[in-house]
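Written out below as structure tokens is the structure these notes cover.
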Amino acid sequence: MIDIKILRNDSKKVADTLTNRKAEVDLKTILKFDEERKEIIFKLDQLKQLRNENSGKIGKGKVDSDEKQQLIAETRRLGDEIKGGDAKIRELEEEIYNRMATIPNLLHESTPVGESEDDNPEDRRWGEPRVFDFDIKHHADLAEQLDIMDVPRGVKIAHSRFTLVKGAAAQLERALMNFMLDIHTEKHGFQEIIPPYLLNSQCLTGTGQLPKFEEDLFKTTEGLYLLPTAEVPLTNIYREEILKEELLPIYLTAHTPCFRSEAGSYGKDTKGYIRQHQFNKVELVKLVHPDNSYDELESLTKNATDILELLELPYRVISLCSADIGFSAAKCYDIEVWVPSEDRYREISSCSNCTDFQARRANIRFKPKEGGKSRFVHTLNGSALAVGRTVVAILENNQMSDGSIKIPKVLIPYMRGLTKIEMRT
RNA sequence: GGAGGGAUGGGAGAGUGGUUGAAUCCGGCGGUCUUGAAAACCGUUAUACGUAAGUAUCGGGGGUUCGAAUCCCCCUCCCUCUUCCA
């Protein structure tokens, strides 16, 4: 949610943002409703003042009986009018809120303007894609050969886009989660959390998935939603709270499964482990002081790339342009890992500064040390990393000519000494 | 799942229809005193909208009333007992 004051005072700024984002929201109607609301409130406040004065007079019995009855009758009419006005205000405020909730976050000046994902500029690269002297295989083929993933049975148990992960791949995935969490908690200063995986709608509204993107979520019959990313529960931990400034910055990390309906992605990445309804992810979330949230975004991104460097996986960082950046983000870096079978880099992490956009929705504030009004914190989130896609990257980048997979050095202790995944004999 | 009890300001806790936006205590902040501190004492200490007058807010929503923290209805959450359970 952006500050409605920005819309009132500088609607062009909001309109420009919408244009750059290729989004459309009827701002004029919001402003019209806002004006209308203000007028009614002004009128109503006067009526309420009168009502309060009358009630005071009636209560104190300073007026005689006849006059009192007349006053009561008069005030009753006043009450009816107030009731109608209050209802109208509620209606307008709901309408304004619902419309405001569809406006995406304003963009940071450093977010490039672009027409599509093809306009995302590359920021930097690390590592050299390996040159193979044999015919490389797709990770799905490698996994099938090694008997470490079973797609048909995953589908049998659940649905398409569910995969059964077995044996060494399951162990690898578990090793990755532990490795990532250990680095973030021990080296990067994050606190580890195990959040609920089912969330109420207020959480999803707080971080911006609702009301606009409900079709992307799995919903239970109880009205709870399966988390699409740990960003949601982690960011919402301090919802409706006023924090002491001394508490900032707050660094949180969690490994969770993530559930996404992937509506509208039919036919995309149907082969392999890239796009699943359920996938593991280690998430980083920061709640920070507004003055240094962009520095925090840089360090957050580095926290994620550190993992790739330790795993010796080549990657590049791109800045998402205005047409591709997420709804809640003002600035976002995608980290893409090298995927040999596709001969290109693929997204493995997305690191965003959501500024005060989520904080305003979720009402997360802090009391400044120097006193004065409480302010909204800035929230940031980033994957570090998507575990399933990291498995994909390791399978493909570390494949050997005999179809075995070399385990990255740092993971060997986590694999209880296993150095490569081979065919079981 | 069944029965009962509860939700008030940063915290504890009073308040069952009329200057109650809300007693009191603790905490916080400022001051007096002191070399400094403690103690004591004095003052102050919610938020939103509004230029202001003012209006709204006692878990959330609705209702009764001239007037609701106080009465009624619905919802959410918490506690106790009971039941079930990894």
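Nothing here was measured: the structure is a model prediction, and the numbers come from that model. Just so it is clear: chains get the letters A, B, ... in the order the sequence lines come, proteins before strands, and each one is counted from 1.
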**Asked** Ion pair present between A/Lys367 and A/Glu245, side-chain N to carboxylate O less than 4.0 angstrom?
**Response** no
**Request:** Scan every strand shown for a Watson-Crick or G-U wobble partner of B/rG9, both distances under 3.5 Å, and answer none if you come up empty.
**Result:** none
**Request:** Provide the distance between the two C1' atoms, one in B/rG59 and one in B/rA69, to the nearest whole Å.
**Result:** 12 Å
**A/Arg365 CZ to B/rA46 P, straight-line distance once rounded to whole Å** = 15 Å
**Euclidean distance, atom CD of residue A/Glu240 to atom P of B/rU47 [Å, nearest integer]** = 16 Å
**Message:** If you define the side chain from C-beta out and look only at heavy atoms, does anything of A/Tyr238 sit under 4.5 Å from A/Leu287?
**Reply:** yes
**Request:** Identify, between A/Lys83 and A/Glu53, the residue whose nearest nucleotide on RNA chain B lies closer to the 5' end.
**Result:** A/Glu53
**Message:** According to side chain to side chain donor-acceptor pair (under 3.5 Å), who are the partners of A/Asn292, at least two apart in sequence or on a separate chain?
**Reply:** none
**Rounded distance in Å - CG (A/Asp86) to P (B/rG62)** = 9 Å
**Asked** Does B/rU35 pair with anything, Watson-Crick or G-U wobble, both distances under 3.5 Å, and if so, with which nucleotide?
**Response** none
**Item:** Atom-to-atom span, CG of A/Asn200 to P of B/rC75 - whole angstrom
**Value:** 18 Å
**Item:** Whole-angstrom distance between B/rC26 and B/rU19, as gauged at atom P
**Value:** 27 Å
**Distance in angstrom units between A/Ile58 CD1 and B/rU19 P, rounded** = 14 Å
**Contacts of type side-chain contact (heavy atoms from CB on, under 4.5 Å), residue A/Val151, not counting sequence neighbours** = A/Val155, A/Thr163
**Message:** When the P atoms of B/rC29 and B/rA38 are compared, how many Å lie between them, rounded to an integer?
**Reply:** 11 Å
**Message:** Using whole Å, what does the distance between atom C1' of nucleotide B/rC75 and atom CD of A/Gln202 come to?
**Reply:** 12 Å
**Asked** Distance between the P atoms of B/rC42 and B/rU76, in whole angstroms?
**Response** 48 Å
**Asked** With a 4.0 Å cut-off on heavy atoms, is A/Ser55 in touch with a base, just the backbone sugar-phosphate, or nothing at all?
**Response** base
**Asked** Mind checking the P distance from B/rC75 to B/rG43? Whole angstroms is fine.
**Response** 48 Å
**Message:** Could you check whether any side-chain heavy atom of A/Leu227 comes within less than 4.5 Å of a side-chain heavy atom of A/Thr256, counting everything from C-beta outward?
**Reply:** yes
**Request:** Salt-bridge test for A/Arg99 and A/Glu95: reply yes if a basic N is under 4.0 Å from a carboxylate O, no otherwise.
**Result:** yes
**Request:** Report yes if at least one side-chain N or O of A/Arg51 is closer than 4.0 Å to OP1 or OP2 of B/rC66; otherwise report no.
**Result:** no
**Prompt:** Is the shortest side-chain N to carboxylate O distance from A/Arg346 to A/Asp334 below 4.0 Å?
**Reply:** no
**Message:** Going by side-chain contact (heavy atoms from CB on, under 4.5 Å), name the residues that satisfy it together with A/Ser201, two or more places apart in sequence or in a different chain.
**Reply:** A/Leu210, A/Tyr225
**Message:** I'd like to check A/Arg260 versus A/His277 (side-chain heavy atoms, cut-off strictly below 4.5 Å). Are they in contact?
**Reply:** no
Give each protein N/O atom lying under 3.5 Å from an N/O atom of nucleotides 49-54 of chain B, with the pair distance.
from, atom 1, to, atom 2, distance (Å)
B/rG54, N2, A/Asp45, OD2, 3.4

**Request:** Pick the P atom in B/rA23 and in B/rC73, then give their distance to the nearest Å.
**Result:** 29 Å
**Message:** Under a 3.5 Å cut-off for both contacts, is B/rG59 paired Watson-Crick or G-U wobble with anything, and if yes, with which nucleotide?
**Reply:** B/rC75
**Asked** Just how far, in rounded Å, is P of B/rA48 from CZ of A/Arg90?
**Response** 22 Å
**Request:** Rounded to the nearest angstrom, tell me the gap between atom CD1 in A/Ile242 and atom C1' in B/rA48.
**Result:** 11 Å
**Message:** Partner lookup for B/rA3, please. Criteria are Watson-Crick or G-U wobble with both distances under 3.5 angstrom; report none if nothing qualifies.
**Reply:** B/rU80
**Request:** Considering only atom C1', compute the distance from B/rC25 to B/rU32 and round it to an integer number of Å.
**Result:** 23 Å
**Request:** Can you tell me the pairing partner of B/rG18 across any strand shown, Watson-Crick or G-U wobble, with both distances under 3.5 angstrom?
**Result:** B/rC66
**Item:** Nearest-Å distance once atom C1' is located in both B/rA40 and B/rU47
**Value:** 34 Å
**Note: A/Lys48-A/Asp86 ion pair, threshold 4.0 Å (strictly below)** = yes
All N/O donor-acceptor pairs, side-chain side in residues 410-422 of chain A, below 3.5 Å, sequence neighbours left out:
from, atom 1, to, atom 2, distance (Å)
A/Tyr414, OH, A/Asp182, OD2, 2.6

Between the protein and nucleotides 57-60 of chain B, which nitrogen or oxygen pairs are less than 3.5 angstrom apart?
none

**Prompt:** Starting at the 5' end of RNA chain B and moving along, which residue's nearest nucleotide shows up first, A/Ala73 or A/Lys367?
**Reply:** A/Lys367
**Request:** Could you check which nucleotide pairs with B/rG43 in any of the strands shown, counting Watson-Crick or G-U wobble with both distances under 3.5 Å?
**Result:** B/rC29
**Prompt:** What is the pairing partner of B/rG54, taking Watson-Crick or G-U wobble pairs with both distances under 3.5 Å in any strand?
**Reply:** B/rC49
